[in-house]
Each structure stands twice: as C-alpha cells, then as structure tokens.
Amino acid sequence: MAGVGLLLNSNISAQTKNPVLVKEKTTFQTGAAWRPTTDSRADVAIVYGHGDGRRETFTQRIKSWTDRGYKAAFMTGMAWGGYHDYFTGKWDGKPHFDEGQKMMNGDTVWHGGNTPYVVPTLNFLKYFKEQVVKKAIDNGIDAIYLEEPEFWNKAGYSEAFKREWKEYYGFDWRPQHESAENTYLSNKLKYYLYYRALKESFTYAKEYGKSKGVNVRCYVPTHSLINYAMWQIVSPEASLASLDCVDGYIVQSWTGTAREPNYYNGIAKERSFETAFLEYCSMKSMTAPTGRKLFFENDPVEDTRRDWSDYKKNYQTTFTAELFFPDIDNYEVMPWPDRIFDGKYFTSRTSNERAGMPRSYSTQMMVMINSLNDIKTSSNRTSGTQGISVMMGNSMMFQRLPTHDDGKAWADPYFSNFYETSGMFNRVPTNNKLMDPQLSNFLARQCLS
C-alpha cells in the first residue's frame with residue numbers, strides 16, 4: 001500500500017500550481033465553477049459551454065479554476081449545445097429550427113429543449129465562430145475541444161439539408177430511403193458537413209488566436225469509428241487526419257459505449273473490457289500516423305441510470321482496457337464530476353432507493369485517477385499476438401441505415417459481423433433469418449472472448 005500512498009500524495013498541491021507551468025497530461029470536463037467536491041487535482045479543467053451558468057458567468061467559471069492553479073481549456077458540442085439564441089432568432093433576427101436534423105416523419109432529432117442536433121450550415125458556422133469560439137479565446141483560452149461532430153443516419157430530411165445537398169451535388173435532394181445509392185450520397189454529405197464544420201471552426205480559432213498572439217490548439221473529442229457505426233451515426237472520423245488544424249483527440253470510450261451488447265459465438269451480451277479495448281485500438285491506429293496528442297477518456301458513471309455496483313464494475317473494466325496501451329499517457333480522467341460526486345443513483349439493481357457515490361467507490365476511484373497523473377509512456381508491449389488488424393473506413397458508417405434488402409431483413413442492428421470471429425462461419429440467427437452479410441467485408445479475425 002505504500003505505492004498507493006505515493007500516488008495519492010504526488011499531486012496534492014496540483015490546485016496551487018502556477019497554471020502557466022502546469023502540464024497538460026490529465027484533464028476533466030465540467031460545466032460548473034470550482035467546488036471542493038469536484039476538485040480532482042488533474043492538470044486541466046476543460047470548461048464546458050460558452051454560456052453563463054445559473055450562478056457564475058462564463059468568465060467567472062474559467063477564473064474559478066485558474067485561480068486554483070488549473071490550466072483552463074474550453075469544450076462545447078459541435079453538433080449540439082447551448083445555441084438557443086441562434087435557433088430562436090435572437091442572434092440575427094431569424095429563427096433557424098429548419099437547420100435541425102430531421103427524420104423521415106418530419107420530427108427533429110433533439111438533444112434537449114430548443115436544442116436540436118445541427119445541420120452545420122455556413123450561416124450556423126458564422127454564428128459559431130463569432131459567438132462561441134471567439135468568446136472563448138477572448139477569455140484567455142488557448143485550447144479548444146469541439147466534441148462529437150455527429151449526424152444521425154436516421155436524419156437527412158430537413159430543408160437545410162436539402163439545400164446543402166443541392167449545393168454539394170449540383171442536383172436536387174433525393175430521399176435516402178428510396179435507394180441504396182441515395183443512402184450513400186446522403187451519408188457522405190453528412191460526413192462532409194461536419195468535416196467542413198471542424199475545418200472552418202478550427203481554422204478560424206487558430207487565425208483569431210494568432211491575431212492576439214495566442215497559439216490556439218484544437219482537439220476533437222469523439223466516439224470511435226466502431227461505436228458510431230454501431231449506434232448508426234455519421235462523423236468525419238478517419239478523415240480528421242487530413243485536417244492540419246487538428247492538434248489531437250479525446251477517445252470517448254466509456255461504460256456507455258463499451259457495454260453495448262454484441263454477438264460473439266452466437267451469444268449476445270455486454271463485453272465492456274473487450275469492446276473498450278477495440279475502441280481505444282481503433283482511435284489509436286487511426287491517429288498513429290499523425291503523431292498528434294491522444295487522450296483516453298473514462299467515466300465512473302454514465303448517461304443511463306444504473307446502480308452503483310454496475311457502474312463500478314464497468315468502470316474498472318474500461319479503465320483496465322485503457323492501461324493496455326503503454327505508449328499512451330494522456331487521459332481525460334472523467335467527464336462531469338458534478339454528476340459523479342453529487343449525483344444520486346440506485347443503490348442496487350433491485351431497489352428504487354438512490355444515494356450518492358459510496359465512500360469505498362469514490363476512494364478507489366480517486367486512487368485510480370491520481371495514478372494517471374504519474375503514468376509515463378513505455379516501450380513495453382502487451383503480450384499476445386501482434387499485428388492483427390481490421391480494415392475500416394468512414395463508409396462503414398454510411399450503410400447502417402436506411403437498409404435496402406428487398407424484404408429479406410438482412411440488416412443487423414447488433415453489427416455482428418464486426419465482432420464475430422469469422423463472418424463466413426459465425427452467422428447469428430434471429431427470427432430464423434441470417435444477420436448482416438452486408439458488412440462482412442469489414443471483418444478480420446477478432447480476438448474477443
């Protein structure tokens with residue numbers, strides 16, 4: 001236990017360091033100002049959202065962290081966020097709800113009240129640069145994280161999207177559900193729109209920062225290509241490597257993505273360790289040629305409300321998975337510490353009683369995240385077979401939805417052929433029909449157990 005004591009004590013004064021000298025090895029994201037209960041002693045506090053909070057302004061939220069020795073950075077959603085002044089017309093006098101992502105039935109895909117998932121038009125990007133990115137830099141921020149550039153497969157029917165289609169392809173919009181070709185064209189456009197959104201936003205950030213004598217670094221926190229394909233979402237993913245305005249990434253793999261059930265040997269169940277390992281692998285391999293900075297994220301709770309023992313078990317498995325990469329030593333140790341330390345969740349799977357985080361879990365978690373402050377890269381390699389690869393590309397996300405199977409019901413919501421040992425020999429029966437031959441070309445030999 002002596003080693004544990006050293007880990008706990010090694011960063012005891014992190015919040016009193018000079019922020020200019022603080023390294024940027026461990027981070028966390030929060031929408032709130034500093035409080036003793038959320039003081040994690042990581043290096044960087046990533047302040048989330050450009051708006052003013054209930055008690056503190058955006059400027060005050062940043063200052064509350066820097067006053068305690070943290071380096072402050074900024075994060076906001078690229079596809080959604082507190083952009084109500086844009087959608088309601090407060091910014092330019094025109095409402096823009098037609099720029100929300102819409103499904104075939106005309107319903108908007110919402111992220112919250114008055115917060116649709118965005119079709120990132122050039123007009124929206126003009127607002128985003130002027131009202132969001134500029135404001136962050138004017139507040140002394142020199143690192144910007146634009147997270148989750150996401151366009152849902154089920155969307156693609158809004159008027160804004162139709163206009164973007166005509167501009168991009170030179171011919172009128174075609175409903176994606178009417179043919180496989182239309183589906184490909186629709187999802188390729190979704191990918192392009194967020195590729196453009198990141199390029200426009202980050203290029204502006206760097207140029208505006210330079211005008212103020214600030215070297216602004218730009219990062220993309222994103223799910224893995226595996227998870228986006230699984231959840232039927234389109235994102236630029238592999239193409240981010242071609243953007244010179246991107247300085248690095250946060251790999252958003254956590255209990256929520258890793259616990260997604262998948263088939264192996266004909267059995268569907270949660271495999272949190274194996275799935276997280278594959279997600280980290282995917283992002284690491286995708287970004288390796290760029291030499292850019294890579295943060296691995298982990299979360300002690302998640303969006304879905306479950307009981308504390310479930311959270312703990314899955315947190316331990318995904319945390320273990322991120323340690324299987326000896327050449328990675330940068331981490332987002334947690335998102336949303338307020339919901340972790342102040343939230344109340346079920347005490348057991350069979351009880352409706354809710355309580356705060358058990359002291360045993362919070363103590364263990366703090367030991368674990370403090371250890372990440374001291375982990376250093378190593379030339380060591382994990383044991384086992386080396387060089388197993390899976391060929392993947394952005395187009396893997398394009399063909400998930402809508403499906404076009406002439407009534408044969410080949411579509412597989414579980415994305416089984418990616419996880420199975422062999423797409424030729426391990427078909428999964430469901431309702432007496434075989435699942436998903438369409439994605440077998442993305443299969444290589446997997447080593448899930």
Side-chain angles (χ1 to χ4, degrees), residues 19-20 22-32 42-53 57-66 70-83 86 118 120 124-150 193-223 235-237 239-252 283 287 290 292-295 297 330-332 335-336:
V20 177
V22 167
K23 60 186 184 298
E24 298 181 6
K25 185 178 184 306
T26 54
T27 69
F28 63 95
Q29 65 190 64
T30 176
D43 300 325
V44 182
I46 306 177
V47 178
Y48 200 99
H50 69 294
D52 295 340
T57 65
F58 177 56
T59 303
Q60 288 171 334
R61 285 192 288 140
I62 294 172
K63 189 173 186 297
S64 74
W65 292 103
T66 57
Y70 285 91
K71 186 73 179 292
F74 171 69
M75 185 188 295
T76 190
M78 188 71 258
W80 49 269
Y83 314 132
Y86 179 76
V118 182
F124 172 77
L125 294 178
K126 183 175 185 293
Y127 157 83
F128 189 78
K129 290 183 285 189
E130 292 177 1
Q131 301 298 314
V132 181
V133 176
K134 181 177 183 294
K135 182 177 180 180
I137 297 171
D138 287 344
N139 274 275
I141 295 294
D142 65 358
I144 292 177
Y145 296 76
L146 301 184
E147 75 159 340
E148 299 180 349
E150 301 171 346
L193 290 175
Y194 273 106
Y195 180 88
R196 181 183 71 179
L198 290 172
K199 183 177 181 180
E200 288 272 332
S201 302
F202 284 152
T203 300
Y204 172 82
K206 287 184 174 292
E207 290 175 351
Y208 182 68
K210 188 176 180 181
S211 74
K212 301 192 69 169
V214 178
N215 175 32
V216 176
R217 288 151 299 122
C218 301
Y219 300 91
V220 183
T222 176
H223 297 208
S235 192
E237 289 300 293
S239 298
L240 296 175
S242 65
L243 287 175
D244 4 354
C245 51
V246 173
D247 294 289
Y249 315 85
I250 294 178
V251 186
Q252 293 180 319
M283 284 294 291
T287 58
T290 67
R292 294 169 181 168
K293 191 166 186 174
L294 198 62
F295 295 88
E297 182 194 69
N330 301 300
Y331 305 94
E332 180 175 350
W336 316 122

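Note that these values count all heavy atoms, side chains included, but never hydrogens, waters or copies made by symmetry. These numbers were taken from a predicted model, which means no experiment stands behind them.
- Annotation: side chain of Leu243 is not in contact with side chain of Phe202 (no heavy-atom distance under 4.5 Å).
- For Lys134 (side chain) and Lys129 (main-chain N/O), no donor-acceptor pair under 3.5 Å exists by modelled atom type.
- Two rings, from Tyr83 and His50, have their centers less than 6.0 Å apart.
- Contact check on Arg292 versus Asp247 returns no salt bridge, with no Lys/Arg side-chain nitrogen under 4.0 Å from an Asp/Glu carboxylate oxygen.
- Among residues two or more places apart in sequence or in another chain, the side-chain contact (heavy atoms from CB on, under 4.5 Å) test is passed with Trp80 by Tyr48, His111, Thr115, Tyr117, Glu147, Glu148, Glu150.
- Between Tyr145 atom OH and Thr27 atom OG1 the span is 5.5 Å, to the nearest 0.5 Å.
- Distance alone, capped at 3.5 Å, places no donor-acceptor pair between the Thr26 side chain and the Tyr331 backbone.
- Ring geometry for Phe124 versus Tyr127: interplanar angle of 30 to 60°, hence tilted.
- Note that CZ of Phe58 and CG of Asn139 are 5.0 Å apart. Values are rounded to the nearest 0.5 Å.
- Closest approach of Lys206 to Val216, counting heavy atoms only: NZ-O, 2.9 Å.
- A 4.5 Å side-chain heavy-atom check between Val246 and Leu198 finds every atom pair outside the cut-off.
- Taken to the nearest 0.5 Å, the CD atom of Glu332 stands 4.5 Å off from the CD1 atom of Ile250.
- Screening Ile141, Ile62, Thr66 for a side chain to side chain contact (heavy atoms under 4.5 Å, CB included) with Val47, the sole residue that qualifies is Ile62.
- Between Ser201 and Phe128, the shortest heavy-atom contact is OG-CD2, 3.5 Å.
- Going from atom CZ of Arg217 over to atom CD1 of Ile144 covers 10.0 Å, rounded to the nearest 0.5 Å.
- Residues passing the side-chain contact (heavy atoms from CB on, under 4.5 Å) test with Lys293, sequence neighbours excluded: Glu24, Tyr219, Phe295, Asn330.
- Using a 4.5 Å cut-off on side-chain heavy atoms (C-beta onward), Pro335 and Glu297 make contact.
- With sequence neighbours left out, the salt bridge (charged side-chain N to carboxylate O under 4.0 Å, His left out) criterion links Lys210 to no other residue.
- Taken to the nearest 0.5 Å, the NZ atom of Lys212 stands 4.0 Å off from the CG atom of Asp138.
- In terms of heavy-atom proximity, Cys245 sits nearest to Cys218 at O-CB, 3.4 Å.
- If you take CZ on Phe28 and CG on Asp43, they are separated by 10.0 Å, rounding to the nearest 0.5 Å.
- Contact annotation: the side chain of Leu146 approaches that of Thr76 to within less than 4.5 Å [non-hydrogen atoms, C-beta and beyond].
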Thr290/Leu240 under side-chain contact (heavy atoms from CB on, under 4.5 Å): CA gap, chis, key distance, verdict:
CA-CA 10 Å; Thr290 67; Leu240 296 175; over 6 Å; no
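- For the side-chain contact (heavy atoms from CB on, under 4.5 Å) test, no residue two or more places apart in sequence or in another chain qualifies with Asp244.
- Residues Val220 and Met78 are not in side-chain contact: their nearest non-hydrogen atoms beyond the backbone lie 4.5 Å or more apart.
- For the pair Ile137 and Ala205, the tightest heavy-atom approach, listed with the atom from each and the gap, is CD1-O, 3.5 Å.
- Among residues two or more places apart in sequence or in another chain, the side-chain hydrogen bond (donor to acceptor under 3.5 Å, both in side chains) test is passed with Lys25 by none.
- Shown here for Tyr195 and Pro236, the closest heavy-atom pair between the two residues is N-CG, 3.5 Å.
- Considering only heavy atoms from C-beta on, Met283 stays 4.5 Å or farther from His223 through its side chain.
- The side-chain contact (heavy atoms from CB on, under 4.5 Å) search around Glu130 returns Trp91, Lys126, not counting sequence neighbours.
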Quick one, Thr30 with Trp65, criterion side-chain contact (heavy atoms from CB on, under 4.5 Å). Give me CA distance, side-chain angles, the key distance, then yes/no.
CA-CA 10 Å; Thr30 176; Trp65 292 103; 3.7 Å; yes
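- With a 4.5 Å cut-off on side-chain heavy atoms, Tyr194 and Pro120 count as touching.
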